[in-house]
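One structure is given below, encoded as structure tokens.
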2 protein chains.
Amino acid sequence: MTPPLPPESLTQRLADSGLRATPQREVVYSVLLRKRDHPTAEEVFARVKAELPTISLATVYNCLETLVQCELVRAVNFERSPTRYCPNLRPHAHFHDEQTGRTYDIDLPPAVLAEVNHVLPAGFDASSVEITFRGQARPAS
Amino acid sequence: MTPPLPPESLTQRLADSGLRATPQREVVYSVLLRKRDHPTAEEVFARVKAELPTISLATVYNCLETLVQCELVRAVNFERSPTRYCPNLRPHAHFHDEQTGRTYDIDLPPAVLAEVNHVLPAGFDASSVEITFRGQARPAS
DNA sequence: CTTGGAATTGGAATTATTCCAAAGAGCGAA
DNA sequence: TTCGCTCTTTGGAATAATTCCAATTCCAAG
């Protein structure tokens, strides 16, 4: 369970990879942190434009890709729909509501993660695992 | 979450959905059964053409979609790469080898499946769950 | 036979994303 | 400060997978 990261880590994380903190990257990241509803690149683009009206969609794709590389953001794919982006770094699964299309984060206890990893036969060395539910949600919160 | 199914005839399954067994559907299905390497639609197209040289790619997409609807085949998505098709109906996860791009089926014991489903809080009703590993494989077989 | 719905076909359209070449920005060295 | 270098951004073109569509073709029932 990775703890939430302090805000200054964007610059730090980028620097660690030899990259610069630019206004575009900062705003893209802050937009993801501000509303954690798993937006698509187009949705991020729309939100970022409020602050940086001249940003281009290509740059949004670039920034998102950069954030994923730096492991500050996870890219979430559900079937063939557009990639969604998620700044939640704790181990979690995703639940995709078939009616609303909304995506929910589901925390994954380490014990379950461990058990899931045990299904791998010898010779399979996993660097990551993705668990995605699909169904109907009526979340309490 | 599909329970294991007895081997059932394509014709029967199609009929259950009010659909017809056509040569195209039969060959597409038999191609999937013959070589279970998770082919893409294009790969299926190439294989089917050996038997039905005039089939169109659109028809291959149609047939695959039909087979998925009838629950004879599973569509497997890995990130944004082309959808792959898999006639294995037992509950299983997928392991995606990062070097070779190959996909392996990993059997999922019911107990693990049950534990994974337990991570869902009240209000989340899953109709299916997808587990995908990514890493390096050196399979014994 | 005829006829209506199902299925197939080829090509155009769509969509998400990536590619590309040119312009811009920031930083360290001289 | 002024270069010069590299990293970034940008808009538009290109790509890739899939879907859409309109025109046949195929069957199976009446």
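We name chains A, B, ... by the order of the sequence lines, and we start the count at 1 in each one.
- Checking each of B:Val44, B:Val28, B:Val27 against B:Cys63 for a side-chain contact (heavy atoms from CB on, under 4.5 Å) leaves exactly one that passes, namely B:Val28.
- For B:Arg25, a side-chain nitrogen or oxygen approaches OP1 or OP2 of C:dA7 to under 4.0 Å.
- Residue B:Cys63 has its side chain nearest to C:dT8 when only D:dT9, C:dT8, D:dC26 are considered.
- If you measure from atom CD1 of B:Ile55 to atom P of D:dT24, you get 21 Å, rounded to the nearest angstrom.
- Of the candidate nucleotides D:dT8, D:dT18, C:dT9, D:dT8 has the atom nearest to the side chain of A:Arg20.
- The distance from atom CD of A:Glu65 to atom P of C:dT18 is 7 Å, rounded to the nearest whole Å.
- Checking C:dG10, C:dT8, D:dT8 against every side-chain atom of B:Ala58, the shortest atom distance belongs to C:dG10.
- The side chain of A:Thr59 lies closest to D:dT9 when the candidates are C:dT17, D:dA17, D:dT9.
- B:Asn62 contributes atom CG, which lies 7.5 Å from atom OG of B:Ser56 (distance to the nearest 0.5 angstrom).
- Taking only side-chain nitrogens and oxygens, B:Tyr61 comes nearer than 4.0 Å to OP1 or OP2 of D:dT18.
- When heavy atoms are screened at a 4.0 angstrom cut-off, B:Ser81 is found touching no nucleic acid atom at all.
- Atom pair B:Asn77:CG and D:dA17:P shows a separation of 13 Å (rounding to whole Å applied).
- Note that CZ of A:Arg134 and OG1 of A:Thr103 are 12.0 Å apart. Values are rounded to the nearest 0.5 Å.
- Per the geometry, CD belonging to B:Glu43 stands 13 Å off C1' belonging to D:dA17, to the nearest Å.
- No donor-acceptor pair closer than 3.5 Å links the side chain of A:Glu51 to the backbone N or O of A:Val48.
- Counting non-hydrogen atoms under 4.0 angstrom, B:Thr22 reaches the backbone sugars and phosphates but no base.
- For the pair B:Gln69 CD and C:dA7 P, the computed distance is 12 Å after rounding to whole Å.
- Look at CD on B:Glu51: it is 15 Å from P on C:dT8, rounded to the nearest Å.
- OP1 or OP2 of C:dT17 lies within a sub-4.0 Å distance of a side-chain N or O belonging to A:Thr83.
- To the nearest 0.5 Å, the span separating NE2 on B:His92 from SG on B:Cys86 amounts to 3.5 Å.
- Two residues, B:Pro23 and B:Thr40, neighbour DNA chain D, and the one matched to the more 5' nucleotide by heavy-atom proximity is B:Thr40.
- In this structure, A:Phe45 atom CZ and D:dT10 atom C1' are separated by 11 Å, rounded to whole Å.
- The side chain of A:Gln24 approaches D:dT9 more closely than any other nucleotide in the set D:dT9, D:dG11, C:dT9.
- Summarising the geometry, the separation between CG on A:Leu57 and C1' on D:dT9 is reported as 13 Å, rounded to the nearest angstrom.
- The B:Asn62 side chain lies nearest to C:dT8 when the options are C:dT8, D:dA17, C:dA16.
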